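Just so it is clear: chains get the letters A, B, ... in the order the sequence lines come, proteins before strands, and each one is counted from 1. Since the model is a prediction, treat every value here as computed from it, not as a measurement.
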Number of protein chains: 2
Amino acid sequence: MSVDLKEIKNEFKKFLKRKNMKVTQSRLDLIDLIADYGKHFEVEELVNWIATRTDRGVSRSTIYRTIKLLQEFGVIKEVIKLSNRTIYEFVVGKAHHDHLVCVECGNIIEFVNEDIEKLQDEVCEQYEFQPIHHRLEIFGICSECREKKVT
Amino acid sequence: MSVDLKEIKNEFKKFLKRKNMKVTQSRLDLIDLIADYGKHFEVEELVNWIATRTDRGVSRSTIYRTIKLLQEFGVIKEVIKLSNRTIYEFVVGKAHHDHLVCVECGNIIEFVNEDIEKLQDEVCEQYEFQPIHHRLEIFGICSECREKKVT
DNA sequence: ATGAGTGCAAAGTATTTGCACGTAC
DNA sequence: GTACGTGCAAATACTTTGCACTCAT
């Protein structure tokens with residue numbers, strides 16, 4: 001991975017200090033853990049995965065609390081909301097992208113499309129709306145699942 | 001309203017029969033009630049609103065169960081997922097559109113942009129992904145809230 | 001030293017489900 | 001008449017919170 005985690009953690013420390021919050025081991029660990037995990041995750045999934053790494057543990061509550069901070073800090077995004085599931089992503093070192101979500105197998109495909117981004121900005125200008133973030137989810141059936149169906 | 005509710009209810013009856021399900025008063029009533037409500041809604045909101053119309057009542061469970069059916073039938077969509085809220089919309093008689101959501105006041109602005117739709121289709125083709133539906137939510141601050149802030 | 005952070009268990013939300021009764025067919 | 005639908009209350013799933021203890025500053 002080409003992301004400089006040390007640098008991110010330093011920035012996060014500054015962010016915490018600006019907010020008069022404490023730089024704790026759990027908070028820094030969580031950045032490492034999520035980066036190590038290396039893919040989209042749900043909280044439950046992350047909790048279980050962290051539990052297998054016996055060296056350091058972070059409780060569910062702290063995970064929820066820290067995820068909120070990391071979203072505010074900008075390194076984590078809620079990318080998919082499907083029924084009652086929430087899927088997060090560590091977005092550092094990636095261009096902004098959106099997602100194709102297969103409703104059959106749950107597979108998530110990332111895609112980047114600058115033109116869609118531009119058009120969104122135009123829409124916002126038109127409505128004098130100041131965008132903060134957006135989420136585009138296209139639900140459907142992925143190529144693999146389509147092939148299975150034909151067979 | 002230019003929507004022919006009677007026609008929709010007839011189609012819905014056919015849909016139910018195709019699925020070997022029963023055409024019940026509650027199911028038909030709910031279409032009228034949601035159409036009457038006439039705007040984006042959350043389940044809680046709809047339950048309360050229906051409670052004020054003392055003539056006909058539909059229980060929360062039936063609302064949840066029927067909303068699922070109506071989504072499958074295609075007249076209702078989950079348009080916004082914000083933290084743990086789910087906002088639905090009666091989409092009959094409307095062109096497909098997406099939403100700007102003000103994070104300050106909660107106001108929802110609908111917009112239609114054919115070019116974004118086209119680009120999405122292109123992306124899907126590129127990935128041999130068969131789209132079923134999509135949701136584009138742009139979160140930000142609406143013009144009214146921006147003005148308030150400046151003042 | 002002091003107040004913020006953490007983990008736990010309990011409380012909140014939103015949604016789903018089991019069951020007894022009612023209704024469509 | 002039978003099976004599916006409905007309403008209620010209980011159960012579930014996800015997330016938040018109160019509190020006592022711990023740790024960063």
Side-chain angles (χ1 to χ4, degrees), chain A residues 9-10 12-33 40-51 53-73 76 78-88 106, chain B residues 9-10 12-31 33 40-51 53-73 76-88 106:
Chain A
K9 283 190 282 184
N10 278 334
F12 188 50
K13 284 180 194 171
K14 287 184 205 162
F15 170 85
L16 289 171
K17 281 174 186 156
R18 249 180 279 134
K19 294 176 69 82
N20 291 312
M21 297 180 88
K22 289 179 181 170
V23 175
T24 66
Q25 201 56 48
S26 299
R27 287 176 177 159
L28 296 177
D29 279 357
L30 209 52
I31 291 182
D32 285 325
L33 288 163
H40 299 99
F41 64 91
E42 289 179 75
V43 172
E44 198 57 30
E45 202 179 332
L46 192 64
V47 168
N48 295 335
W49 183 76
I50 289 178
R53 318 193 101 214
T54 44
D55 49 337
R56 350 172 235 190
V58 183
S59 77
R60 194 182 310 268
S61 323
T62 298
I63 291 179
Y64 275 109
R65 287 189 271 232
T66 308
I67 281 178
K68 285 213 162 165
L69 277 175
L70 292 173
Q71 278 187 265
E72 196 186 331
F73 178 53
I76 280 184
E78 250 180 30
V79 291
I80 293 159
K81 284 278 200 176
L82 186 47
S83 60
N84 37 14
R85 299 169 60 200
T86 300
I87 300 176
Y88 297 92
Chain B
K9 283 190 282 185
N10 277 334
F12 188 50
K13 285 179 192 173
K14 288 184 204 161
F15 169 86
L16 290 171
K17 282 174 184 158
R18 250 181 279 134
K19 294 176 70 80
N20 291 312
M21 297 180 88
K22 290 179 180 169
V23 174
T24 66
Q25 200 55 49
S26 298
R27 286 177 178 158
L28 296 178
D29 279 356
L30 210 52
I31 292 183
L33 288 163
H40 299 99
F41 64 92
E42 290 180 74
V43 172
E44 198 56 31
E45 203 179 330
L46 191 64
V47 168
N48 296 334
W49 183 76
I50 289 177
R53 317 192 101 215
T54 43
D55 49 337
R56 348 172 237 191
V58 184
S59 76
R60 193 181 311 266
S61 324
T62 298
I63 291 179
Y64 275 110
R65 288 187 272 232
T66 308
I67 282 177
K68 285 213 163 163
L69 278 176
L70 292 173
Q71 278 186 265
E72 197 186 330
F73 178 53
I76 280 184
K77 280 189 184 156
E78 249 180 32
V79 291
I80 293 160
K81 284 279 202 178
L82 187 47
S83 61
N84 37 14
R85 298 170 59 199
T86 301
I87 300 176
Y88 297 92

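- Counting heavy atoms from C-beta outward, B:Leu46 and B:Leu33 have side chains that stay 4.5 Å or more apart.
- Put simply, the side chain of B:Lys81 never gets that close to the backbone of A:Asn84: no donor and acceptor are under 3.5 Å apart.
- When DNA chain C is scanned in the 5' to 3' direction for atoms under 4.0 Å from non-hydrogen atoms of chain A, the outermost contacting nucleotides are C:dG3 to C:dA9.
- Annotation: proximity of residues 40-49 of chain B to DNA chain D (heavy atom, distance under 4.0 Å) is found for no residue.
- Between A:Ile63 and A:Val43, some side-chain heavy-atom pair lies under the 4.5 Å cut-off.
- A:Asp32 pairs by the side chain to side chain donor-acceptor pair (under 3.5 Å) definition with A:Lys9, not counting sequence neighbours.
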How far apart are the C-alpha atoms of A:Leu70 and A:Ile31, what are their side-chain angles, what is the distance that settles it, and do they pass the side-chain contact (heavy atoms from CB on, under 4.5 Å) test? CA-CA 8 Å; A:Leu70 292 173; A:Ile31 291 182; 3.9 Å; yes
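- Within 4.0 Å of A:Lys68, counting heavy atoms only, lie sugar-phosphate atoms of the nucleic acid but no base atom.
- The residue among B:Ser59 and B:Asn84 whose nearest nucleotide of DNA chain D is located toward the 5' end is B:Ser59.
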Any chance you could list the contact pattern along nucleotides 19-25 of chain D? Use B for base contacts, S for sugar-phosphate-only contacts and - for none, protein heavy atoms under 4.0 Å, 5' to 3'. -----BS
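- Each of A:Ser83 and A:Arg60 was matched to the nucleotide of DNA chain C holding its nearest heavy atom; the match closer to the 5' end belongs to A:Arg60.
- Considering only the side chain of A:Ser61, D:dT17 comes nearest among D:dT6, D:dT17, D:dA9.
- For B:Gln71, the side chain to side chain contact (heavy atoms under 4.5 Å, CB included) partners at least two apart in sequence or on another chain are B:Ile67, B:Ile76, B:Glu78, B:Tyr88.
- Of all heavy-atom pairs between A:Ile50 and A:Leu30, the closest is CD1-CD1, 3.8 Å.
- Per the geometry, CG belonging to B:Asn20 stands 9 Å off P belonging to D:dC4, to the nearest Å.
- With rounding to whole Å, B:Arg85 atom CZ is found 16 Å from D:dT15 atom C1'.
- Taken from CD in A:Glu42 to CH2 in A:Trp49, the straight-line distance is 16.0 Å, to the nearest 0.5 Å.
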Given side-chain contact (heavy atoms from CB on, under 4.5 Å), test B:Arg65 with B:Leu69 step by step and report yes or no. CA-CA 7 Å; B:Arg65 288 187 272 232; B:Leu69 278 176; over 6 Å; no
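- In this structure, CD in B:Glu44 is found 12.0 Å from CZ in B:Arg85, a value given to the nearest 0.5 Å.
- By the side chain to side chain donor-acceptor pair (under 3.5 Å) test, B:Lys17 pairs with no residue at all, sequence neighbours left out.
- The distance between atom OH of B:Tyr64 and atom C1' of D:dT6, rounded to the nearest whole Å, is 16 Å.
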